[in-house]
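The figures here come from the full heavy-atom set of this structure, side chains too, leaving out hydrogens, waters and symmetry mates.
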Amino acid sequence: MTISILGAGSWSTAIADLLAEKEDVLIYARDENVVFAINDKHQNIKYFPEIRLKENIRATSNLSEVFANKYLINGIPTQQIRNVLNQARGLLKDDHIIINLSKGLELGSHKRISEIFKDFNKNISFVALSGPSHAEEVILKMPTAVVSACEDGALSKEIQELFVREYFRVYSSTDLVGVELGGAIKNILAFGIGVAHGLGYGDNAKAALVTRGIHEMSRFACAFGAEFKTINGLAGVGDLIVTATSKHSRNNKAGILLGKGYSLEQIQNEINMVVEGIPTTKSVYELAKDKNIEIPITSEIYEVLFNNKDCDESVKDLMMRDIKSEF
């Protein structure tokens, strides 16, 4: 069996290396230089120059070849998915099983990634693989735990079996909405916690943002049918912890830079990778406003990012909101 992966980023590469222990893997990359490096040098030079990839990992820029396989893993950043699927129009078949690695909500439509794929074929099966899992640690086989979520419990368990390793534990779930929304919102909160760090605030402020952020994440996700326990699990709280504290976190690093006074353009140039929390902030803010869901932390992050509000002013406004009971 050959498993296809859309995208040649760090997470796609780490997952390819994991799967290649048992199956052949085909990676889709637009850049022919990346294709050449994987096929001839067995390296993803941009992300893991020191790692030699397994020889049964192959790369191609041919979408038809990638979509020929039943298992199709998506590692394309959220805002680029629709563009790639438009290029592959007609290739997404009823029997495809999509396993998603990306996180976020689409700008404009506010759709979850499962909903984007369903726009192109409503009959495909969709599974989200999510949790606290930095690629830099998984590719080194450091212990990691994630959740496989699908509305079809049997398929969730099938994907669980496909991925589980001695160093990679997979739990199953049928709460697809909760896992997708938890994975999206944690990036926003990790960005905000990074801003607090960049401003020079201490552990008290960061702990408050984590705790109240979890409350906010739960309120938003449960309004769309997510289960509260999912948000308190690996795809919510677990992923927030790692994204808000790790040196590998792009979203947290971006927030730190913003707190230090960097512009969004400077941040993108510095990180040189997709910071999914930034567009997701806009989507979640607009969706919450439309549905009248109170998300004060996200709202202040939105004001800072898109209306040039001063970071210190946002913190003051959060601190001086009407006093109330904690729950």
Side-chain angles (χ1 to χ4, degrees), residues 9-19 47-48 73-75 77-78 99-105 112-113 127-150 156 159-160 162-173 175-194 197 203 206-207 209-218 220-221 226-256 271 273-277 280:
S10 59
W11 192 209
S12 293
T13 304
I15 285 297
D17 198 63
L18 179 150
L19 290 170
Y47 298 105
F48 300 114
I73 297 174
N74 175 60
T78 306
I99 305 162
N100 179 59
L101 307 178
S102 298
K103 296 164 184 175
L105 298 179
R112 291 178 283 114
I113 295 171
V127 183
L129 193 73
S130 189
S133 49
H134 283 308
E136 294 85 352
E137 295 185 4
V138 171
I139 203 162
L140 295 177
K141 297 180 172 49
M142 293 184 179
T144 301
V146 299
V147 59
S148 160
C150 179
S156 173
I159 302 308
Q160 180 183 33
L162 182 66
F163 280 85
V164 71
R165 300 289 189 273
E166 288 184 353
Y167 61 93
F168 197 76
R169 182 167 177 81
V170 186
Y171 291 87
S172 63
S173 169
D175 185 12
L176 178 61
V177 173
V179 168
E180 286 193 277
L181 290 180
I185 300 168
K186 62 89 185 180
N187 282 332
I188 303 171
L189 298 171
F191 181 89
I193 292 159
H197 181 82
D203 295 336
K206 286 179 273 188
L209 284 170
V210 168
T211 309
R212 295 307 299 173
I214 292 167
H215 186 68
E216 189 166 303
M217 186 193 301
S218 299
F220 182 89
E227 296 179 26
F228 183 75
K229 64 184 179 182
T230 301
I231 302 306
N232 279 309
L234 289 166
V237 173
D239 212 353
L240 174 60
I241 290 170
V242 78
T243 311
T245 62
S246 174
K247 65 182 179 180
H248 300 305
S249 171
R250 288 167 278 170
N251 290 281
N252 188 250
K253 182 180 179 182
I256 292 171
I271 294 177
M273 292 171 73
V274 173
V275 182
E276 196 62 70
T280 301

> So which heavy atom on L176 is nearest to which on A128, and how close?
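Closest pair (atom of L176, atom of A128, distance): CD1-CB, 3.7 Å.
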> Main chain of A149, side chain of S173: is a donor-acceptor contact present, judged purely on distance under 3.5 Å?
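It does not hold such a pair.
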> Looking at I188 and G277, what are the two nearest heavy atoms and their distance?
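Shortest heavy-atom contact: CG1-O, 3.9 Å.
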> Rounded to the nearest 0.5 Å, how far apart are CD1 of I185 and CG of L240?
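Between I185 CD1 and L240 CG, I get 10.5 Å after rounding to 0.5 Å.
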> So I139 and Y47, side chain to side chain contact (heavy atoms under 4.5 Å, CB included) or not? Walk me through it.
CA-CA 11 Å; I139 203 162; Y47 298 105; over 6 Å; no
> Any side-chain to backbone donor/acceptor pair from S148 onto V146? Under 3.5 Å, distance only.
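Pair absent, no side-chain N/O of S148 close to backbone of V146.
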> Identify whether the distance between the nearest side-chain nitrogen and carboxylate oxygen of K103 and E276 falls below 4.0 Å.
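So K103 does not pair with E276 through a salt bridge.
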> Could R165 and F163 be counted as a cation-pi pair, given that NZ or CZ must be under 6.0 Å from the ring centre and within 45° of the axis?
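The answer is no; the distance or angle limit is not met.
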> Using 0.5 Å steps for rounding, measure from the CG atom of N232 to the CD1 atom of I214.
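Result: 7.0 Å between the selected atoms.
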> For S12, give me all partners under side-chain hydrogen bond (donor to acceptor under 3.5 Å, both in side chains), at least two apart in sequence or on another chain.
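Partners of S12 by the side-chain hydrogen bond (donor to acceptor under 3.5 Å, both in side chains) criterion come out as none, since no residue qualifies.
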> Minimum heavy-atom separation for S172 and Q160, please, with both atom names.
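Closest heavy-atom pair between S172 and Q160: N-NE2, 3.6 Å.
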> Can you tell me how far CZ of R212 sits from CG of L189, rounded to the nearest 0.5 angstrom?
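Spacing of CG (L189) from CZ (R212) equals 12.0 Å.
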> When rounded to the nearest 0.5 angstrom, what is the spacing between CG in D175 and CD in E227?
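Reported to 0.5 Å precision, the distance equals 4.5 Å.
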> Could you tell me which residues satisfy side-chain hydrogen bond (donor to acceptor under 3.5 Å, both in side chains) with N252, sequence neighbours excluded, listed by chain and number?
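Listed in chain order: nothing, the list is empty.
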> Between I231 and G178, which heavy-atom pair has the shortest distance, and what is it?
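That closest heavy-atom pairing would be CD1-O, 3.8 Å.
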> Is the backbone N or O of A190 less than 3.5 Å from a side-chain atom of N251, with the two atoms forming a donor-acceptor pair by type?
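Not confirmed, N251 side chain does not pair with A190 backbone.
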> Check I241 against T245 and note the closest heavy-atom contact, atom names and distance.
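Distance-wise, the nearest heavy atoms are O-OG1, 2.6 Å.
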> Side chain to side chain contact (heavy atoms under 4.5 Å, CB included), that's the test. Do L234 and D239 meet it? Break it down for me.
CA-CA 6 Å; L234 289 166; D239 212 353; over 6 Å; no
> Considering all heavy atoms of both residues, which atom of S102 and which atom of P77 are nearest to each other, and what is their separation?
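Closest pair (atom of S102, atom of P77, distance): OG-N, 4.0 Å.
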> Quick one: does V170's side chain get under 4.5 Å of F168's, heavy atoms only?
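Sidechains of F168 and V170: in contact.
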> Compile the donor-acceptor pairs under 3.5 Å between side chains in residues 129-136 and protein atoms, sequence neighbours left out, one pair per line.
residue, atom, partner, partner atom, Å
S133, OG, G131, O, 3.0
H134, NE2, S246, OG, 3.2

> Working to the nearest 0.5 Å, report the span between CG of L181 and NZ of K186.
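Nearest 0.5 Å value for the CG-NZ distance: 13.5 Å.
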> Only one of L105, L101, N100 passes side chain to side chain contact (heavy atoms under 4.5 Å, CB included) with I113; say which it is.
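Exactly one pass, corresponding to N100.
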> Can you tell me if CZ on F228 sees more than 12 non-hydrogen neighbours from other groups inside 6.0 Å?
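Counting other residues, nucleotides and ligands, CZ of F228 stays at 12 neighbours or fewer.
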> Which value, rounded to the nearest 0.5 Å, describes the distance between L140 atom CG and F48 atom CZ?
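These two atoms lie 7.5 Å from each other.
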> Quick check: do T280 and N187 have side-chain heavy atoms less than 4.5 Å from each other?
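No; the side chains remain at least 4.5 Å from each other.
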